[in-house]
**Q** 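First, the structure itself, so that you have it in front of you.
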Amino acid sequence: MTAFLLWSLCAVIFLGIGITSRRSTQPVGFFANVKSPDAKEISDVPAYNHAVSRMWIISSILLELLGLPFLFFGQNSPVFIITYLGTVFLCMGMMIRYTFIESAYKAKK
């Protein structure tokens, strides 16, 4: 139960990032230690922030679903392979999706 609560805390943090991204007036970033795009670099800032927010909110829901085995299975169950691999693929999917969002909303020069 403790593991699921900690897992859910991470999902809630993702959800909080999504809500904060949606309310932001400046373009939000994604990668750590990388400067977020300038408002001049993004063609439609509200739509860009909305797309990034949607990505974070969907990721939080998927992360919560990946944590459900913590409620139903024992500590060393082989079912957790699905949780671990799903988390890896979720993170990779988020990175790929963000690069598509960023390229879609880059201002044409």
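The figures here come from the full heavy-atom set of this structure, side chains too, leaving out hydrogens, waters and symmetry mates.
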**Q** Please check if Ile19 and Ile58 belong to a single hydrophobic cluster, counting links between Ile, Leu, Val, Met, Phe, Trp and Tyr side chain heavy atoms closer than 4.5 Å.
**A**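 Yes, same cluster.
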
**Q** Keeping the roles fixed (side chain from Ser43, backbone from Tyr105), state whether a donor-acceptor pair exists under 3.5 Å.
**A**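 Yes: the side chain of Ser43 pairs with the backbone of Tyr105.
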
**Q** Under the criterion side-chain contact (heavy atoms from CB on, under 4.5 Å), I'd like the reasoning laid out for Ile57 against Arg22: C-alpha separation, chi angles, the key distance, then a yes or no.
**A** CA-CA 10 Å; Ile57 292 170; Arg22 187 171 297 243; 4.0 Å; yes

**Q** Would a distance-only check, ignoring hydrogens and angles, find a side-chain to backbone donor-acceptor pair under 3.5 Å from Ser60 to Val12?
**A**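 It does not hold such a pair.
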
**Q** If you count the non-hydrogen atoms of other residues, nucleotides and ligands that lie under 6.0 Å from CD1 in Ile81, is the total more than 12?
**A**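 No.
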
**Q** Start with the C-alpha distance between Phe4 and Glu64, add both sets of side-chain angles, then the distance that settles side-chain contact (heavy atoms from CB on, under 4.5 Å), and finish with yes or no.
**A** CA-CA 9 Å; Phe4 181 73; Glu64 188 67 23; 3.0 Å; yes

**Q** One pair to check against side-chain contact (heavy atoms from CB on, under 4.5 Å): Glu102 and Phe31. What are the steps and the verdict?
**A** CA-CA 12 Å; Glu102 191 176 39; Phe31 295 108; 5.6 Å; no

**Q** Atom CG of Leu63 and atom OG1 of Thr83: how far apart are they, to the nearest 0.5 Å?
**A**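 Taking CG in Leu63 and OG1 in Thr83, the distance rounds to 9.5 Å.
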
**Q** Going by ring-ring contact (aromatic ring centres under 6.0 Å, His included), name the pairs with one or both residues in residues 72-92, residues two or more places apart or in two chains.
**A**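 Qualifying pairs: Phe70-Phe80.
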
**Q** With clusters defined by side-chain heavy atoms of hydrophobic residues (ILVMFWY) lying less than 4.5 Å apart, directly or transitively, does Met1 cluster with Leu6?
**A**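 Each belongs to a different hydrophobic cluster.
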
**Q** Heavy atoms only: give me the nearest Ser59-Leu90 pair and the separation to one decimal.
**A**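 Shortest heavy-atom contact: O-CD2, 3.8 Å.
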
**Q** Measuring from atom CZ of Phe14 to atom CG of Leu62, what distance do you get when rounded to the nearest 0.5 angstrom?
**A**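 The CZ atom of Phe14 sits 10.5 Å away from the CG atom of Leu62.
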
**Q** Check Pro46 against Asp44 and note the closest heavy-atom contact, atom names and distance.
**A**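 The answer is CD-OD1, 3.3 Å.
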
**Q** Would you check if the side chain of Asn49 reaches a backbone N or O of Arg23 as a donor-acceptor pair within less than 3.5 Å?
**A**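 No, the answer is negative, given that no donor and acceptor are paired below the 3.5 Å cut-off.
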
**Q** Which distance, rounded to the nearest 0.5 Å, do you find between the CD1 of Ile82 and the CG of Leu66?
**A**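 Between atom CD1 of Ile82 and atom CG of Leu66 there are 9.5 Å.
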
**Q** Going from CD1 on Ile13 to OG1 on Thr20, what distance comes out if it is rounded to the nearest 0.5 angstrom?
**A**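 Those atoms lie 11.5 Å apart.
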
**Q** Compare every heavy atom of Met55 with every heavy atom of Ile101, then report the nearest pair and how far apart it is.
**A**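 Taking Ile101 first and Met55 second, the nearest heavy atoms are CD1-CB, 4.3 Å.
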
**Q** For the residue pair Pro27 and Tyr48, what are the closest heavy atoms and their distance?
**A**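 Closest approach of Pro27 to Tyr48, heavy atoms only: CB-CE2, 3.8 Å.
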
**Q** Is there a donor-acceptor pair closer than 3.5 Å between any side-chain N or O of Thr99 and the backbone N or O of Ile96?
**A**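 Answer holds: yes.
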
**Q** Please indicate whether Met92 has more than 12 foreign heavy atoms, meaning atoms of other residues, nucleotides or ligands, lying under 6.0 Å from its CE.
**A**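 Check passes, neighbour count above 12.
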
**Q** For Ser21, check side-chain contact (heavy atoms from CB on, under 4.5 Å) against everything at least two apart and list the hits.
**A**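 Partners of Ser21 by the side-chain contact (heavy atoms from CB on, under 4.5 Å) criterion, ordered by chain and then number, come out as Ile17, Val28, Val52, Ser53, Trp56.
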
**Q** For Thr2 and Leu5, run side-chain contact (heavy atoms from CB on, under 4.5 Å): C-alpha distance rounded to whole Å, both residues' side-chain angles, the deciding distance at 0.1 Å, then the answer.
**A** CA-CA 5 Å; Thr2 304; Leu5 290 175; 5.7 Å; no

